[in-house]
*Asks:* 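This is the structure I want to talk about, given as structure tokens.
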There are 2 protein chains.
Amino acid sequence: MSRPPIDTREHLIAERKRREKLSQSFIALSAIIPGLKKMDKASILSDAINYMKQLQERVKKLEEEVAIRTVESVVIVKKSQVLAFDDIFSLDENSNHFEQQLPEIEARVLDKHVLLRIHYEKQKGCMTEILREIKKLNLSILNSSVLSFGSSILEMTIVAQMDVDFCMNIEDLVKSLHTSCVGLDEATPCILIANGNGSCSERRIGLDF
Amino acid sequence: MSRPPIDTREHLIAERKRREKLSQSFIALSAIIPGLKKMDKASILSDAINYMKQLQERVKKLEEEVAIRTVESVVIVKKSQVLAFDDIFSLDENSNHFEQQLPEIEARVLDKHVLLRIHYEKQKGCMTEILREIKKLNLSILNSSVLSFGSSILEMTIVAQMDVDFCMNIEDLVKSLHTSCVGLDEATPCILIANGNGSCSERRIGLDF
DNA sequence: GCCTACACGTGAGGC
DNA sequence: TGCCTCACGTGTAGG
């Protein structure tokens, strides 16, 4: 009480600065809160609290989500990497559960065209068989290619046109081709996979997936 | 000026309450900020601002992460069965959400060889870009084919050999190629699928998958 | 002693 | 007008 006047004035100024700083902070805080209506200090604070809690929960959930998906995706990757080893195995030994896995056949349709992709083990007469089957199905081959992959696998790609009397659905098409490739083996299960491009596609999946 | 004394007193009390409320809010806010050292109002506010910004960025990053992984992960089999219907649909109508979904890239590894299959929309310079990218990745092309499917789609198949200094994993390989194809678009997620034949394979999935 | 941060009561302005 | 919010200057307690 009863301070020297000089002291009082400096105090006054200091307090002014402090208040100014606080006000600025309030403004800054309000600026990063979305959907803030009332700008009074009480609202800013309580909204900040609510929003911050929301953010915290969201982060928590997202982190869990990511953790889950990370595991999922790692699992997928791992499995195939594990398979890589398995692979070496089946190559080192005379591949036993190998033929079982192939062929892999994929078919897509676009207007009157069919794109066939056949991933199969090299085998005498297999290609002839496939081509004969395609012809039998009323498909005219427009273009084709066969690439060798590794020592025993062929990747065959065919673009064909459906003739007017072609009336098969994709699934049956794939099945037919499959039996042509497999020959004596029992029909191997296929699943339809998404191409995402408006066409359909069928893919055989190994059981150890 | 010169208010009735009753009014003044009520004002006084109201102001007290208001201050009390604000103080409580400050405390509540400070309570949910982790690692808060100084408890003065200025610090609470500025730390709240910083922390909130951090949270916002974290949420953003996590959301992106989740978005990617969502598409990346799983659900292959189930959804594809649903797609069988969807599929018929897109055959009846002229498939519209079409270009968005491409390219689709698949890579398989067998020993030192890579089988690449790129299903993409015809686009000027795209092929050059892909080949350049492949070369850049230390892959030597052994064999390749490009088939036209429909009016605007190309099916490119490449068998390449990994050079000695090739050290990329499949995922990154696919991603690299993808960005080459997509160009300006953001990277589109891929997933690794099981081939069951000892190789690994990565497949892009459409968003409506 | 100085510095910092706060709460207080009060006057003013907005709806 | 009443009610609410704010900024102000001041007193003061703790470091």
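Chain A is the first sequence line, chain B the second, and so forth, proteins listed ahead of strands; every chain is numbered from 1.
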*Asks:* For B:His119 and B:Phe149, take the angle between the two ring planes, folded into 0 to 90°, and tell me which bin it lands in: parallel under 30, tilted 30 to 60, perpendicular over 60.
*Replies:* tilted
*Asks:* Identify the heavy atoms of B:Ser43 and B:Leu36 that sit nearest to each other, and give their distance.
*Replies:* O-CD1, 4.3 Å
*Asks:* Using the C1' atoms of the five pairs at each end, what is the angle between the end axes of the helix from C:dC2-D:dG15 to C:dC15-D:dG2, to 10°?
*Replies:* 0°
*Asks:* Under a 4.0 Å threshold between the charged nitrogen and the carboxylate oxygen, would B:Lys136 count as salt-bridged to B:Glu133?
*Replies:* yes
*Asks:* When only distance counts, do a donor and an acceptor, one from the side chain of A:His11 and one from the base of D:dG9, lie under 3.5 Å apart?
*Replies:* no
*Asks:* May I ask you to test the B:Ile141-B:Leu131 pair for a side-chain heavy-atom distance under 4.5 Å?
*Replies:* yes
*Asks:* Out of curiosity, B:Gln24 CD to B:Arg19 CZ, how far, rounded to the nearest 0.5 Å?
*Replies:* 14.0 Å
*Asks:* Write down the distance between CG (A:Leu12) and P (C:dC3), rounded to a whole number of angstrom.
*Replies:* 15 Å
*Asks:* Pairs of donor and acceptor atoms involving the side chains of residues 157-167 of chain A, under 3.5 Å and at least two apart or interchain, shall be tabulated with distances.
*Replies:*
from	atom 1	to	atom 2	distance (Å)
A:Thr157	OG1	B:Thr157	OG1	3.4
A:Asp163	OD1	A:Ser140	OG	2.8

*Asks:* Is there a side-chain contact between A:Met52 and B:Leu29 (heavy atoms, below 4.5 Å)?
*Replies:* yes
*Asks:* Name every residue in residues 13-50 of chain B that has at least one heavy atom under 4.0 Å from any atom of DNA chain D, in order of residue number, or write none if there are no such residues.
*Replies:* B:Glu15, B:Arg18
*Asks:* What are the two closest non-hydrogen atoms of B:Ser151 and B:Lys122, and how far apart are they?
*Replies:* O-NZ, 3.2 Å
